[in-house]
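Residues: numbered from 1 along the sequence shown.
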Amino acid sequence: MAERITMTPEGVLQVPDEPIIPFIEGDGTGVDIWPASRLVFDAAAAKHGRKIAWKEVLAGEKAFKETGDWLPDKTVEAFREHRIGIKGPLTTPVGGGIRSLNVALRQILDLYVCLRPVRWFTGVPSPVLHPEKVDMVIFRENTEDVYAGLEVQAGTPEADRLSAFLRDELGWEIRPNSGIGIKPISELGSKRLVRAALEYALARGRKSVTLVHKGNIQKFTEGAFRNWGYELVREEYADVAVGWDDCGGDPGGKLLVKDTIADITLQQVLTRPEDFDVIATTNLNGDYLSDALAAQVGGIGIAPGGNINYVTGHGVFEATHGTAPKYAGQDKVNPGSLILSGVLMFEHLGWAEAAADIVRALEATIGDKVVTYDFARLMDGATEVKCSEFASAIVDRL
């Protein structure tokens, strides 16, 4: 019988054998990748005696056409009530309204972690020589930084008043006709993000957590993120983790926590990817890093993403790519990003065996060179298949 996912007072998710899980099909190619992904999810769940009661909710273009609202309250409430959900790509409305539907969901539900694992699957075309060295998990803060949307437009009365206040109260001279943004980085937001990264690394036997920041320039925001991260290690994790400065780079069997500047990190993940394991970083840095790393292992077409609040148990898992409307309805695009996001969802549910089965089956399919057009055009001897056929091939290998 279909039931809701609940949480115990101790903070443990209670997942029935047939949980109700809301989904958003997505705009553009969502019409192709969602049914393909659902086929894989249902088959993997069934293999382990489970079933998902899917509940469609609306957002994006489909919601706007049916309700006049890009993100209906009912959709947000469904995700809040059922705790776990999954979504395809969404169009961001142009010319006002919601800045980004994805950002809005993250902020409304306080999904403070954007989880982006990045690894290479054997056989996937890559622009780098050794993509197999890339095996990183990015914890990107999801609610603060410039994505908070605290900005005013140049030439508006609001911009003029803010500029005057900054000049009069702080002595900051802002050039005339400037747009102005506020970049909040809080102790609460920083520590809960780093805490989630530490817990993940410790639970999975990872060797290090790297704090990525631009604290050499932005000392009181990104620099504070770094400092709060190390402070957390000393206060709460001293028995199992240690900061670089406190151990000289020799953790002695503990989890090593280190930090690096954001710009050089983008170079080093290319030249020394084996030096990075779990990464904890601020919102904008995490956005850059996630997409840059995805390019090293085959592109965002196969990059998963999850938005999680580890305290409440809420999670919305999503395809990380855009809507690609010119390919919509052609049964052509790679559903890998959404499928692997479902893997993250299964792991969050505690369905680790089903999640591992999907990964193995997907990797076997690619290894057999049965791939969609994006990979086929870059591989010798590949069998190009449709989006739905790729999903069927994965199910055959489950």
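- The main-chain N or O of Thr320 is found under 3.5 Å from a side-chain atom of Ser337 such that the two form a donor-acceptor pair.
- Screening Leu193, Ile185, Val146, Thr221 for a side chain to side chain contact (heavy atoms under 4.5 Å, CB included) involving Thr282 leaves a single residue, Ile185.
- With a 6.0 Å radius and a threshold of 12 heavy atoms from other residues, nucleotides or ligands, Lys254 has its NZ atom above the threshold.
- Counting all heavy atoms, side chain and backbone alike, Lys55 lies closest to Ala78 at CE-CB, 4.3 Å.
- Smallest separation of non-hydrogen atoms from Gly249 and Leu256: O-CD2, 4.3 Å.
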Legend entry - CA sep, side-chain torsions, deciding dist, call: His48, Asp357, side-chain hydrogen bond (donor to acceptor under 3.5 Å, both in side chains): CA-CA 10 Å; His48 295 275; Asp357 282 344; 2.6 Å; yes
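- Contact annotation: the side chain of Thr372 never approaches that of Val333 to less than 4.5 Å [non-hydrogen atoms, C-beta and beyond].
- Across every non-hydrogen atom of Pro184 and Leu150, the tightest pair is CG-CD1, 4.0 Å.
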Legend entry - Arg234 vs Glu231, salt bridge (Lys or Arg N to Asp or Glu O under 4.0 Å): CA-CA, chis, key distance, verdict: CA-CA 5 Å; Arg234 297 185 187 104; Glu231 186 177 285; over 6 Å; no
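- Atom NZ of Lys207 is surrounded by more than 12 heavy atoms from other residues, nucleotides or ligands within 6.0 Å.
- One hydrophobic cluster, built from ILVMFWY side chains closer than 4.5 Å, holds both Leu344 and Ile138.
- The line from NZ of Lys369 to CG of Asp380 is 6.0 Å long, rounded to the nearest 0.5 Å.
- For Tyr327 and Tyr373, the gap between ring centers is short of 6.0 Å.
- For the pairing with Ile86, the side chain to side chain contact (heavy atoms under 4.5 Å, CB included) check across Ile24, Val316, Leu338, Ile52 returns one residue only, Leu338.
- Between Ile366 and Phe390, the closest side-chain pair of non-hydrogen atoms falls below 4.5 Å.
- No side-chain heavy atom of Ile308 sits under 4.5 Å from any side-chain heavy atom of Leu111.
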Inset, instruction - Begin from the C-alpha positions of Glu235 and Lys191 and carry the test salt bridge (Lys or Arg N to Asp or Glu O under 4.0 Å) through to its verdict. - result: CA-CA 11 Å; Glu235 290 176 346; Lys191 285 189 173 180; 3.3 Å; yes
Inset, instruction - For Thr67 and Asp69, run side-chain hydrogen bond (donor to acceptor under 3.5 Å, both in side chains): C-alpha distance rounded to whole Å, both residues' side-chain angles, the deciding distance at 0.1 Å, then the answer. - result: CA-CA 5 Å; Thr67 70; Asp69 192 347; 5.5 Å; no
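- In this structure, CZ in Phe225 is found 10.5 Å from OG in Ser186, a value given to the nearest 0.5 Å.
- In the displayed structure, Asp239 atom CG is contacted under 6.0 Å by more than 12 heavy atoms of other residues, nucleotides or ligands.
- Leu293 and Val359 fall within a single hydrophobic cluster, where Ile, Leu, Val, Met, Phe, Trp and Tyr side chains are chained together by heavy-atom contacts under 4.5 Å.
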Inset, instruction - Give the intermediate values and the outcome of salt bridge (Lys or Arg N to Asp or Glu O under 4.0 Å) for residues Asp110 and Arg192. - result: CA-CA 12 Å; Asp110 197 26; Arg192 68 180 183 175; 2.7 Å; yes
Which pairs of donor and acceptor atoms, one on a side chain in residues 127-135, lie under 3.5 Å apart (sequence neighbours left out)?
{"from": "His130", "atom 1": "ND1", "to": "Glu132", "atom 2": "OE2", "distance (Å)": "2.9"}
{"from": "Asp135", "atom 1": "OD1", "to": "Arg206", "atom 2": "NH2", "distance (Å)": "3.4"}

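- The minimum heavy-atom distance linking Thr29 with Gly322 is given by the pair OG1-O, 4.4 Å.
- Asp291 has a carboxylate O that lies under 4.0 Å from a charged side-chain N of Arg116, or vice versa, which qualifies the two as a salt bridge.
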Inset, instruction - Kindly indicate, with the supporting measurements, whether the criterion salt bridge (Lys or Arg N to Asp or Glu O under 4.0 Å) is fulfilled by Asp32 and Lys332. - result: CA-CA 8 Å; Asp32 301 306; Lys332 182 176 183 177; over 6 Å; no
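- The OG atom of Ser290 lies 10.5 Å from the CD1 atom of Ile300; values are rounded to the nearest 0.5 Å.
- Residue Lys183 is tested with Glu151, Glu144, Glu222 for a salt bridge (charged side-chain N to carboxylate O under 4.0 Å, His left out); the sole match is Glu222.
- Within 6.0 Å of CD in Glu353 there are 12 or fewer heavy atoms belonging to other residues, nucleotides or ligands.
- For the residue pair Ile33 and Asn334, the shortest heavy atom distance occurs at CG2-O, 4.0 Å.
- One distance of note links NZ of Lys258 with OG1 of Thr210; it measures 4.5 Å at 0.5 Å rounding.
- Both cation-pi conditions hold for Arg140 and Tyr147: the charged atom is under 6.0 angstrom from the six-membered ring centre and inside a 45 degree cone around its axis.
- Formation of a donor-acceptor pair under 3.5 Å by the Thr75 side chain with backbone atoms of Leu58 is found in this model.
- Under a 3.5 Å cut-off, the side chain of His314 and the backbone N or O of Arg80 do form a donor-acceptor pair.
- When all heavy atoms are compared, the tightest approach of Asn142 to Val113 is ND2-O, 3.5 Å.
- A heavy-atom distance below 4.5 Å is not found between the side chains of His213 and Thr281.
- The aromatic rings of Trp54 and Phe23 sit perpendicular, their planes meeting at an angle over 60°, well past the 30° parallel limit.
- Qualifying salt bridge (Lys or Arg N to Asp or Glu O under 4.0 Å) partners for Asp331, counting only residues two or more places apart in sequence or in other chains: none.
- Under the 4.5 Å side-chain criterion, counting only non-hydrogen atoms from C-beta, His321 is in contact with Pro89.
- Cation-pi geometry between Arg226 and Tyr230 is not met at under 6.0 angstrom from the ring centre and within 45 degrees of the axis.
- Annotation for Trp244: atom CH2 does not count as buried by contact number, only 12 or fewer foreign heavy atoms lying within 6.0 Å.
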